[in-house]
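For reference, the structure discussed in these notes is given below.
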Amino acid sequence: MTDATALPGQPRGGVLSGPATARAVNVLAPNPSAMTLDGTNTWILSEPDSGLAVVVDPGPLDDGHLRHVVATAEQAGKRVALTLLTHGHPDHAEGAARFAELTGTKVRALDPALRLGDEGLAAGDVVTVGGLELRVVPAPGHTADSLCFHLPADQAVLTGDTVLGRGTTVVAHPDGRLGDYLDTLRRLRSLTVDDGVHTVLPGHGPVLDDAQGAVEYYLAHRAHRLAQVETAVEDGHRTPSEVVAHVYADVDRSLWPAAELSVRAQLEYLKEHGIL
């Protein structure tokens with residue numbers, strides 16, 4: 001068995017649902033798959049002495065899960081006062097409208113199509129509820145509308161699908177762009193170096209206790225994959241599907257369609273930079 005402390009980001013073992021930091025509690029959605037890992041992490045955030053909470057990514061349209069999130073908050077003496085979205089993929093956002101009905105909250109997101117209420121989210125925004133402070137971090141790359149949320153009081157960052165608790169994420173071409181994603185990873189690295197962030201609260205998978213290690217691993221992984229794709233093209237593998245079969249030969253074939261999105265993003269990046 002591999003020691004978790006030797007894995008990128010030092011993932012925590014044990015049950016995923018439950019308290020993760022002084023201000024963050026995870027409620028795991030029942031939607032496990034090869035793409036969603038154990039399921040979607042729905043985060044309940046609140047100051048310990050406050051009766052108000054923020055929920056990030058209600059998850060899929062699963063009434064049982066959404067009601068469980070509400071009940072978990074209420075059992076802790078909290079009322080959900082606001083709903084936030086890291087991005088619009090259905091496993092994170094499909095249940096948001098129903099969750100807003102259950103809680104009477106507004107939904108704030110970068111994409112206007114996902115919002116319920118007048119307020120959206122933008123880079124540099126600071127969200128405050130019941131004394132809790134969240135700083136909005138732009139995170140395009142996985143998708144164009146991706147955001148992260150910096151929780152300074154816990155030296156933590158909620159990353160949605162930008163950084164996962166296990167494995168690596170997809171650059172969902174054409175909406176996602178590799179250049180944007182690399183810039184986002186560098187931005188997150190700055191949070192770990194300059195702002196003391198050491199904990200990753202991801203959208204899927206376990207909490208990571210070495211945020212800098214996780215981000216450095218992601219940057220190295222992307223550089224390695226990019227070099228592999230460049231070499232594959234030079235060796236005559238021209239189409240995205242051919243590149244996937246060559247570069248991702250050791251990856252479960254069920255993940256190849258997602259890998260092809262990343263390959264398309266990598267090929268576009270190489271062309272934009274005059275390498276292909």
Side-chain angles (χ1 to χ4, degrees), residues 11-12 14-21 23-46 52-117 121 127 129 134 139 142-143 145-149 158-167 169-170 172 175 200-207 252 254-255 257-258 261:
R12 292 185 193 174
V15 179
L16 295 180
S17 285
T21 68
R23 293 164 180 79
V25 173
N26 181 30
V27 181
L28 182 65
N31 62 333
S33 72
M35 290 296 294
T36 61
L37 304 181
D38 310 275
T40 301
N41 294 334
T42 295
W43 291 102
I44 302 172
L45 309 175
S46 179
L52 300 178
V54 175
V55 165
V56 176
D57 290 349
L61 184 54
D62 180 308
D63 215 57
H65 170 65
L66 300 176
R67 291 182 180 277
H68 183 41
V69 174
V70 175
T72 300
E74 289 179 345
Q75 288 166 7
K78 314 286 185 180
R79 177 178 65 82
V80 178
L82 181 64
T83 302
L84 305 177
L85 298 177
T86 60
H87 66 298
H89 279 168
D91 56 312
H92 293 258
E94 187 181 35
R98 173 58 178 152
F99 189 72
E101 289 180 1
L102 293 173
T103 58
T105 60
K106 296 179 180 179
V107 177
R108 296 181 63 181
L110 179 61
D111 184 350
L114 299 171
R115 301 172 187 168
L116 291 175
L121 291 170
V127 177
V129 174
L134 287 173
H142 170 68
T143 61
D145 71 327
S146 287
L147 297 171
C148 294
F149 298 105
L158 289 86
T159 54
D161 282 354
T162 297
V163 174
L164 305 178
R166 184 169 67 250
T169 198
V170 173
D175 185 42
V200 172
L201 306 176
H204 303 279
V207 172
D252 189 325
S254 69
L255 297 176
L261 297 179

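- By the side-chain contact (heavy atoms from CB on, under 4.5 Å) test, S46 pairs with S50, A53, K78, sequence neighbours left out.
- Note that the CD atom of Q75 and the NE2 atom of H68 stand 7.5 Å from one another [nearest 0.5 Å].
- Of all heavy-atom pairs spanning A24 and L201, the tightest one is CB-CD1, 3.7 Å.
- Under the side-chain contact (heavy atoms from CB on, under 4.5 Å) criterion, A258 pairs with M35, V170, not counting sequence neighbours.
- Across all non-hydrogen atoms, the minimal contact from A139 to C148 is CB-SG, 3.7 Å.
- Separation of atoms CG (L45) and CG (L82) is listed at 10.0 Å; rounding is to 0.5 Å.
- Here the closest heavy-atom approach between residue W43 and residue P202 is recorded as NE1-O, 3.0 Å.
- Here the OG1 atom belonging to T143 is positioned 5.5 Å from the CG atom belonging to D175, to the nearest 0.5 angstrom.
- The one candidate from V107, D111, L147 that meets the side-chain contact (heavy atoms from CB on, under 4.5 Å) condition with L85 is V107.
- Nearest heavy atom pair, residue G160 against residue D57, reads CA-OD2, 4.5 Å.
- Side chain to side chain, H65 and T42 meet the donor-acceptor criterion of an N or O pair below 3.5 Å.
- Across every non-hydrogen atom of P206 and R166, the tightest pair is CD-NH1, 3.8 Å.
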Test T103 against V55 for side-chain contact (heavy atoms from CB on, under 4.5 Å), laying out the working first.
CA-CA 10 Å; T103 58; V55 165; over 6 Å; no
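- No option in L164, V207, T162, V163 other than V163 meets the side-chain contact (heavy atoms from CB on, under 4.5 Å) test with V200.
- Within the structure, the side chain to side chain donor-acceptor pair (under 3.5 Å) test picks out the following pairs touching residues 25-37 (sequence neighbours left out): N26-N41, N31-T40, S33-T36.
- Under the 3.5 Å distance criterion, the side-chain polar atoms of R115 are matched with a main-chain donor or acceptor of A109.
- Atom CG of L16 is separated from atom CG of D38 by 4.5 Å, given to the nearest 0.5 angstrom.
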side-chain contact (heavy atoms from CB on, under 4.5 Å) between V129 and L134, intermediate numbers included
CA-CA 9 Å; V129 174; L134 287 173; over 6 Å; no
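- Of the possible donor and acceptor atoms, one in the side chain of H204 sits under 3.5 Å from a partner among the backbone N and O of G39.
- The CZ atom of R98 sits 4.5 Å away from atom CG of D63, with the distance rounded to the nearest 0.5 Å.
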Set out, in order, the CA-CA distance, both residues' side-chain angles and the distance that settles side-chain contact (heavy atoms from CB on, under 4.5 Å) for D145 and H87, then state yes or no.
CA-CA 6 Å; D145 71 327; H87 66 298; 3.5 Å; yes
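- A donor-acceptor distance shorter than 3.5 angstrom exists from the side chain of T169 to the backbone of D161, with no hydrogens or angles considered.
- Looking only at side-chain heavy atoms (C-beta outward), F99 and V80 come within less than 4.5 Å of each other.
- Residues L116 and A97 approach most closely at CD1-CA, 3.8 Å, considering heavy atoms.
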